[in-house]
Protein chains: 2
Amino acid sequence: MGSAEETAGGYRPWSEVTPDAARRLLVAAVEAFAERGYHATTTRDIAGRAGMSPAALYIHYKTKEELLHRISRIGHDKALDILETAAAGPGTAADRLGAAVRSFVLWHAAHHTTARVVQYELDALAPEHRDEIVQLRRQSDAVVRRILGDGVAAGEFHVPDVPGTTLAVLSLCIDVARWFNAAGRRTPEEVGELYADLVLRMVGAARAAPGA
Amino acid sequence: MGSAEETAGGYRPWSEVTPDAARRLLVAAVEAFAERGYHATTTRDIAGRAGMSPAALYIHYKTKEELLHRISRIGHDKALDILETAAAGPGTAADRLGAAVRSFVLWHAAHHTTARVVQYELDALAPEHRDEIVQLRRQSDAVVRRILGDGVAAGEFHVPDVPGTTLAVLSLCIDVARWFNAAGRRTPEEVGELYADLVLRMVGAARAAPGA
DNA sequence: CCGGCGTCTAAGCGCTTGCTCACCCTCCGG
DNA sequence: CCGGAGGGTGAGCAAGCGCTTAGACGCCGG
């Protein structure tokens, strides 16, 4: 068991990675990178977790860094997709911001192992790959900033500093990957709910009315 | 220049580290760890930055890990001190929470190089040292939780989930160390001010009145 | 039955790592 | 003027690193 809990719940990640051995190696790498960090993880450790010899890794990936790049790319694509889906939804700006934070945080909590690698091992990427990922992050930033802008324009939000608040909101959500499950009384859904509420207060769209 | 900006402003950190050569090595280690991460930093790199030979490091420190431990310990002591000072201050719970967030964030922004090492390289510590540091973090958590509890009891704050909100507040502040200065239009003071405002909104102590 | 391809392994190469050791300065009390 | 202590160096060791190579396996169309 152990790693089973990560893939529980019917959600099957990494389905886009084939063949099977390549996926097993990638999943093993995610676990190892999340646990010890990229630089502290050896290729022997990754191969061992996948039940293979060290050399097997190089049949499917050219370098250890390519593994990290693949993980980072897939993860960022997923995270951006989650944000964009929520942003394109119906309702007021407050509705969309709440949905975005709720689903974004839910993903970071439920897949905190992956998210930790994706969000905190950026500097281990080769410069070219790093630039590519940074571009995706800028898109995430733009999505959130747009919702905030909409809310301000509609008079729903009171936000003096939209770029700064955007940064804070994303920072808050992303950092969930770092601390989540440290003991784990909360479910990912509960954290998402809590954070959606906190963020809506931050932007002054308080459903904080005492009766709510 | 370069590293000079870090120590600018009259604040002289690491004054508790003697002799001089030991301090130079420690400052070099902070820079290197912040830039590349603990595991990606070599002892040769640290010694080189300090203008010494690789062997010189081992006159003042037993291992590379001891360097990280010293940095982490001093940094956490300082961070906790900042929080406790603000918490012990005068005024309402809102006043104290605002002061705590403002000064805590200010430190994380102004000394983001140090803060990055202190906050994000925890897992590289030996288990015994890690436990020691985790203990300090629990104290930081307790300080913030107490202010929130006070505010709720006094009817100043509306916080349904005090432990969860405490976690979120600290997470938000700490993560400043990760992104700060990525381009740097904002000063540390401005970020502290912005964050104090955001956090006060989060707890429903809105000075969000338009005229404020 | 075969031959080629994709997959995997055992062994190991070249290099870097954290750390050590033998030795050398410089400073300073007696 | 000396001798010892503490701060420093150049060279280098054992271990571990990312990665490669030579060869063996199972599978499958002809």
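These values consider heavy atoms only, across backbone and side chains, with no hydrogens, waters or symmetry-generated copies.
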* To do: Measure across B:Tyr120 and B:Ala177 and return the closest heavy-atom pair with its distance rounded to 0.1 Å.
  => CE1-CB, 4.5 Å
* Asked: When you check the gap from the basic side-chain N to the acidic O, do B:Asp123 and A:Arg116 get nearer than 4.0 Å?
  -> no
* Asked: What closest approach, in Å, do B:Arg130 and B:Leu122 show between heavy atoms, and which atom pair accounts for it?
  -> CG-O, 3.4 Å
* Asked: Charged N to carboxylate O under 4.0 angstrom, B:Arg137 versus B:Asp141?
  -> no
* Is the NZ or CZ atom of A:Lys64 both under 6.0 Å from the centre of the six-membered ring of A:Tyr38 and within 45° of that ring's axis? -> yes
* Assign a letter to each nucleotide of nucleotides 15-22 of chain C from its 5' end: B, base within under 4.0 Å of a protein heavy atom; S, sugar-phosphate only; -, no contact. => --BBBBB-
* **Nucleotides bounding contact with chain A, strand DNA chain D, heavy-atom threshold 4.0 Å** => D:dC17 to D:dT21
* **A:Glu66 side chain vs A:Lys62 backbone, donor-acceptor pair below 3.5 Å** => yes
* Thinking salt bridges, do B:Glu35 and B:Arg49 make one under a 4.0 Å N-O criterion? -> yes
